[in-house]
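Notes follow once the structure below has been shown.
Hydrogens, waters and symmetry mates play no part in the numbers below; they use all other heavy atoms, side chains included. Residue numbers start from 1 in every chain, and the chains themselves are labelled A, B, ... in the order their sequence lines are given, proteins ahead of strands.
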Amino acid sequence: MSYEELENKMDQTFIAVRYNVEIEGAAIKPEEDLDVVNIIPTEEPFRAIALAVLYEDRDASLANVEKALANDIPPIDIINKGLMKGMDAVSLLYTKGFYFLPDLMLAGDGMMEGIKECEKVLGHKSETKGTVVSFVAEGDPHDIGKNLVVMFLRAGGYEAIDMGRDVPTVDVVKAIKEHKPIFVTGTALMTTTMTVFPKVVEALQKEGLEVPAIGCGGGAVRKDFVESFPMSVYGVEAYHAPKLADAIVKDKKTWKDLRKEYADIVGEFVSEYS
Amino acid sequence: MNEKYAIALDIGTSGIRAQAHNLETSKIISTAITLRHPLPGANVVDHLHFAIEVGEETAHKLLINTINDVIKNLGINLENVERVAVCGNPIQLSLFHNIEIRDLAYWGDNVLKRLNITPPSRDATIVSSDKIGLEVNQKAKIYIPPAIKHEIGADALAMLFKSGVLEKNGIFLVADFGTNAEIALVINGDVYTCSAAAGPAIEGQMIEKGKLASPGAICDFEIVDSGWKSQVLDDELIVKEGNIVDPLNGNIIYKGYMDGKSNGITGTGVIAAFSLGLATKIISLPKIKSPDHMIHLQDEIYLSEKDIIMIGKALGAFRAAYLTLAEEAGILLTEIDSTYMAGASGFYVDPHKSLGVGQIPPSSQEIYQLGNTSLAMANDIVMNPDLLEKLQEIAKGMRSKHIMLATSSIFEKIYSLELAMCEQGMQFWMYNNWLNKYGFQKIPPQTSTPQIHKIFERDIKELGKNGLKIVKINSTLMADFEECTNCMTCTKNCPERALKMENGTATVRTDLCNGMGCLKCELSCPEKIFKFGKFLSMK
Amino acid sequence: MKRFTRMIYKNPDEMVFGKAKFPVSQRWNIQIGAGYVLPEIKVAPVEGSEESKEKMVSECRNITQSACDRAVAIGLPAFMLEQEHIFQQTNNPEWTAECTQIQAETLENYHDEYDIKISLRATPADIRLEERSPGLRESDYDNKVMESIEASAANGASDVAIETIGGKSVSDYGIARGDPKAILFGIGVLGSIDMEYMWKRIVNVCKKYDCRPAGDTDCAQANTAMFMAGGLLDKDCSHTLAALARAMAAARSLVAVECGAIGPLKDCGYENPIIKAISGVPIATEGKNAVCAHSDLMGNLTAAVTDVWSNESVYHRQEMGGTTPEVWLQATGYEAALMNTALQTGQEKVLRDLYTLTDKYRDPQGLVLAYDNAYRIGEAIVKYGNDPYLRSRAAALEAGAIINEAVDAKKMYLTRFERDSLDSALKIFEGLPAESDQFIDECLRKYSRKIAEFDPKSYEL
Ligand code: B12
């Protein structure tokens with residue numbers, strides 16, 4: 001029997017097991033992941049656009065989008081069938097533990113770059129599920145958590161207005177007036193700055209304004225503190241933000257409902273809410 | 001006896017240390033310390049916040065009263081004190097000095113603008129004791145050394161000054177690994193500084209069974225047979241042998257002298273456990289691979305997965321910070337000639353473990369453990385008051401190369417990798433690949449032959465002929481709440497049992513209270529009448 | 001010096017154990033690669049024997065004596081005894097002389113009495129230190145190495161081999177940090193330069209005596225990567241990167257043959273099958289009967305085209321079955337007997353293929369050394385045969401392609417660690433300059449600053 005015949009005859013696993021692969025799983029291309037296969041479109045140019053986001057390749061993402069626009073593909077389709085699908089896949093791989101924080105940040109850049117290009121052609125902002133205002137408390141520099149929140153919201157189909165860090169309360173109120181957001185997120189990591197949250201609520205009430213909910217999160221913040229004033233809900237993980245927003249938009253949930261049904265809404269066990 | 005004395009003071013976030021000098025013989029006479037800080041809270045921001053909420057005057061007085069208690073325990077005639085030198089971080093020194101602190105409590109310009117706050121000068125200065133309220137000879141002069149810049153204070157200056165690297169040629173890393181780590185990279189006399197807010201886990205706080213270094217605290221581990229042998233601090237803060245325990249289930253393999261006598265784990269202990277856990281693969285971030293996902297230590301003390309992530313985030317801040325400095329300064333970590341670890345936790349930690357967990361660059365070949373350099377510099381100043389001027393000069397020269405991590409995109413990128421590693425279980429090789437992808441250097445492999453130089457036996461070099469006294473703080477604040485129904489919900493909710501309530505009069509032990517980071521008393525009050533900010537009067 | 005730009009073997013199927021295109025004849029009536037496989041035994045002197053010359057000489061005699069006794073006791077027709085020097089032997093060439101002499105005498109007695117075919121291999125240690133001035137060239141240690149080689153040749157060694165360490169400072173750095181460029185520079189460029197320096201001289205020395213210049217191994221570099229890579233679950237060095245390092249090592253170890261070494265190439269050179277495919281010289285290899293020395297992931301595969309089957313190394317001590325020279329010669333002896341039976345019955349290709357297939361897909365490191373793949377890497381090397389840098393790079397790229405093909409064919413699965421390190425290494429290699437000078441310039445600039453032990457003068461750079 002020839003070498004090839006012998007080789008094809010044998011069952012490899014009978015002889016040697018690559019236990020490292022057994023344990024960690026074989027490295028597959030991200031688009032071959034069984035769940036990602038269902039997300040990434042098969043049709044071009046959307047597939048290439050989605051894959052560029054999935055591969056965190058900002059330049060390719062931009063180039064693909066420009067090419068598609070030049071070929072008169074509707075910008076809305078590019079966003080919804082291409083860029084957003086790529087980002088959906090990234091978020092999925094993140095929750096599965098294959099992608100990490102830096103992957104999210106890079107892929108997010110690629111997606112935003114593409115969306116901006118599409119909006120230039122559209123001449124206006126693209127349709128989203130709704131607008132969310134995100135800020136870091138006045139006097140606080142810690143913005144890594146907020147950046148994540150913004151990223152997840154955008155990946156989830158929301159227009160997130162990123163107000164940055166060290167944002168004065170008056171500016172938050174102004175932004176709420178201007179954008180009429182369906183949800184607001186605030187982040188504070190210092191005990192000196194988390195006191196801003198009740199002040200935002202107070203200022204809104206003074207002006208007779210209301211938002212469905214203000215998600216308050218960040219290292220220093222605790223649930224009992226957040227629940228000591230109205231209109232707020234304590235946010236635990238950044239990727240919970242779009243789920244909370246979904247509950248508000250789709251199911252008309254209020255901040256009171258969010259507090260009660262948090263774990264159900266985000267779809268996982270949350271020790272702070274148990 | 002009419003001898004002349006001087007006092008050196010170090011005000012740390014976790015306690016006050018004082019030493020008496022005989023000015024005629026130039027000898028240290030005695031040492032007195034506290035094991036906690038009189039202000040509520042676990043870190044400087046808590047101290048700040050408390051001062052802002054309750055009143056800066058109250059905070060200042062609480063601090064000074066405690067210092068007065070401490071120096072009374074030095075056993076000298078305080079009327080004969082000629083001068084006092086003090087050192088500490090800018091927040092502690094400002095509280096001591098009773099000057100503006102709010103500029104240190106917030107980041108950015110907006111709060112300062114809104115509240116019309118002008119940051120005060122924190123240059124070197126000399127004030128008289130009556131102005132501060134110290135109960136020493138009222139004409140005694142008090143020497144306050146300069147801050148380098150904003151959050152980089154006299155304590156950072158002290159570690160640089162005492163390490164002696166400012167005059168040397170070569171590349172040196174100097175760091176004080178506290179809750180807020182001051183880190184400096186000194187390249188042929190050029191100083192790059194930054195401040196990395198690691199978090200209180202590094203001192204054993206925010207860890208379920210954690211505590212500050214104090215009697216009964218587990219402070220180190222080594223692997224013996226198939227278990228972990230703990231080292232425990234006794235009542236004199238001397239390290240004694242504890243039990244050997246199987247970390248997977250808590251079974252005792254061997255009973256040591258401190259069996260039954262430990263009551264928590266301190267920062268160095270947490271680092272040691274983290275290091276052994278990683279080395280023996282019991283920890284596979286963010287998980288603990290024991291049946292109940294805990295690491296079991298002696299006397300039912302344990303570490304949870306939450307604790308492990310906390311310490312990972314804190315150590316990650318160190319690594320991200322020194323890597324950022326190296327990248328900003330354009331050097332490789334492997335080019336560092338020696339590494340200096342200052343502060344108590346940098347003194348008591350086992351550097352072999354620091355290397356393994358990334359607290360210092362794993363390639364560090366020469367490692368010096370300096371001990372408490374703040375107190376050492378205060379000692380230098382009382383013996384040689386002219387030094388103050390020289391220190392001012394040094395501080396001025398360093399201001400230009402301070403790196404604000406808050407606006408450094410390098411830091412943000414690297415810290416995100418740290419988070420991915422400790423919270424999400426990103427593997428170390430991927431971390432290194434990412435560094436490479438970002439165009440940064442990789443973390444070098446660990447040296448197998450580090451040389452460790454521990455110059456003194458304790459973090460305080462010399463205690464003096466009358467030895468060490470540990471002073472108990474007993475400071476309280478009171479407030480009256482007229483509408484109180486005496487339901488006692490607030491006292492029941494106090495995790496530190498620091499609160500007493502009698503007929504609407506609340507009394508809080510300020511040194512035990514967790515302060516503004518906790519507020520369980522106020523938040524749990526069913527009548528919503530408990531206001532923490534009302535604590536005004538001192539007993 | 002003539003470099004290989006064509007393959008000596010015309011196709012991989014021609015290669016088989018026990019036969020080489022250019023068999024080697026040595027004294028005591030032995031041929032290597034001429035139709036049979038020899039077992040090899042190598043034993044490290046017991047601790048303490050380095051204290052004096054007398055102790056070392058007696059230790060060497062005892063090892064030789066034990067090996068011969070067992071060879072006769074179990075009826076081995078032929079075997080090779082190798083003595084790998086410890087530092088003191090090489091550093092004192094008169095020790096080398098006396099040790100070699102006593103071994104040669106002992107072996108000759110057995111040859112005379114039983115007509116058993118024997119080969120005595122002397123392997124002086126490369127004790128040179130790059131970080132100590134004047135470096136690898138013309139230092140005291142350098143001279144001692146050459147004197148020891150001469151002492152071996154003059155006192156009865158059938159052949160001499162060595163494991164030289166040129167380029168190790170840089171490749172170690174690269175292996176520890178997963179820096180593929182440093183590995184390529186350390187093995188492919190620096191290693192090759194130093195090989196030329198060493199082997200031209202070794203070949204000249206051997207010419208003066210009845211002693212063959214045998215070969216070198218990239219133990220110091222590629223085996224470091226292999227040991228760091230460790231078992232399947234270890235992550236200190238990626239197994240795919242270790243496989244690339246092995247391919248580069250072939251381009252480097254080939255230099256000995258180009259300088260005049262004739263084989264059998266030294267046992268721990270796992271790259272040897274590639275060199276056999278290129279040059280046709282016989283090779284020694286080790287695998288499952290070297291478990292006394294270390295663990296690898298290709299215990300059978302390395303036997304497929306071997307000519308001398310070795311136990312690598314074992315301490316001289318007592319086992320239940322006898323002393324270690326006896327026990328381990330018996331192990332390699334019976335394995336060689338199996339191969340020789342296959343040769344006699346015309347089944348050698350079947351056995352070769354079975355040996356190969358047991359380990360071909362166990363790990364990427366074995367995969368690239370399977371004789372068909374080894375042949376491909378050989379082809380990549382000779383294509384750029386005249387340029388040590390380009391041919392090492394080509395070897396690495398070909399090894400990468402081999403692994404990728406196996407992955408695409410779903411015959412080999414990689415972890416993400418293995419996958420990512422392979423992808424990034426291949427990407428780096430593809431992006432490297434096409435000119436050797438430019439590559440060397442870049443590397444000199446980058447690594448002379450980073451690596452304290454690296455001394456460009458040692459390579460005349
Ligand atoms: C990184 C860090 C920094 C970086 C910040 C870089 C940046 N661009 O953000 C730098 C070094 C600049 C920094 C500076 C300071 N820091 Co800092 N810092 C940290 C550290 C180590 C980690 C914080 C972090 O990024 N966590 C990770 C992010 C992802 O978590 P997160 O923001 O909380 O977000 C998560 C959730 O909360 C949630 N989330 C957040 N918001 C929301 C909202 C919604 C709606 C939802 C659903 C979820 C959600 O999503 C995320 C998880 O998915 C912590 C200590 C620690 N171990 O935690 C200290 C810490 C926060 N810092 C602290 C301090 C005090 C400071 C300084 C004041 C210290 C100083 N010496 O000056 C300075 C401030 C600036 C100044 N005065 O100059 C203190 C605060 C103490 C307190 N009790 O208030 C801490 C706790 C450390 C300590 N000393 O104890 N710091």
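- For Ser228(A), the part lying under 4.5 angstrom from a heavy atom of chain B is the side chain only.
- Applying the 6.0 Å contact sphere to OH of Tyr19(A) captures no more than 12 heavy atoms from other residues, nucleotides or ligands.
- Neither the backbone nor the side chain of Lys528(B) has a heavy atom closer than 4.5 Å to any heavy atom of chain A.
- By the 6.0 Å contact criterion, NZ on Lys306(B) is open, its count of non-hydrogen atoms from other residues, nucleotides or ligands being 12 or less.
- More than 12 non-hydrogen atoms from other residues, nucleotides or ligands lie less than 6.0 angstrom from NZ of Lys96(A).
- Counting heavy atoms from C-beta on, the side chains of Met516(B) and Thr195(A) never come closer than 4.5 Å.
- For the options Val167(A), Asp171(A), Thr192(A), Thr169(A), heavy-atom pairs under 4.5 Å to chain B are most numerous at Thr192(A).
- Of all non-hydrogen atoms in Glu56(A) and Lys437(B), the two that sit nearest each other are OE1-NZ, 3.7 Å.
- Taking a 6.0 Å sphere around NZ of Lys413(B), one finds it holds more than 12 heavy atoms contributed by other residues, nucleotides or ligands.
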Query raised in the report: So Leu523(B) and Glu227(A), side-chain contact (heavy atoms from CB on, under 4.5 Å) or not? Walk me through it.
Result: CA-CA 9 Å; Leu523(B) 293 171; Glu227(A) 299 192 347; over 6 Å; no
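- Pairing each heavy atom of Phe100(A) with each of Gly425(B), the nearest pair is CE2-C, 4.0 Å.
- Residue Ser524(B): no heavy atom, backbone or side chain, is found under 4.5 Å from chain A.
- In this structure, Pro102(A) and Met426(B) approach most closely via the heavy-atom pair CG-CE, 3.8 Å.
- Contacts between residues 103-113 of chain A and chain B, counted as heavy-atom pairs separated by less than 4.5 Å, involve Asp103(A), Met105(A), Leu106(A).
- Contact count against chain A (heavy-atom pairs under 4.5 Å) is highest for Asp46(B) among Ile52(B), Leu519(B), Asp46(B).
- Interface remark: Tyr415(B) contributes side-chain atoms only to the contact with chain A (heavy atom separation under 4.5 Å).
- Ranked by heavy-atom pairs under 4.5 Å with chain B, the list Asp166(A), Ile144(A), Val170(A) is led by Asp166(A).
- Interatomic distance, OG of Ser416(B) versus CG of Leu148(A), reported as 7.0 Å (0.5 Å rounding).
- With a 4.5 Å cut-off on non-hydrogen atoms, Phe229(A) does not touch chain B at all.
- Looking at Cys518(B), only its backbone comes within 4.5 Å of chain A, counting heavy atoms on both sides.
- The local environment of CG in Leu34(A) is sparse, with at most 12 non-hydrogen atoms from other residues, nucleotides or ligands closer than 6.0 Å.
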**Report entry** Check against side-chain contact (heavy atoms from CB on, under 4.5 Å), Leu417(B) and Leu101(A)
**Finding:** CA-CA 7 Å; Leu417(B) 299 180; Leu101(A) 238 150; over 6 Å; no
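- The minimum heavy-atom distance linking Lys520(B) with Asp224(A) is given by the pair CE-OD2, 4.5 Å.
- Met430(B) touches chain A through its side chain: at least one heavy atom from C-beta onward sits under 4.5 Å away, while N, CA, C and O do not.
- Close approach to chain A, defined as a heavy atom under 4.5 Å from one of its heavy atoms, is seen in Ala105(B), Tyr106(B), Trp107(B), Gly108(B), Asp109(B), Asn110(B), Val111(B), Arg114(B) of residues 101-119 of chain B, taken by number.
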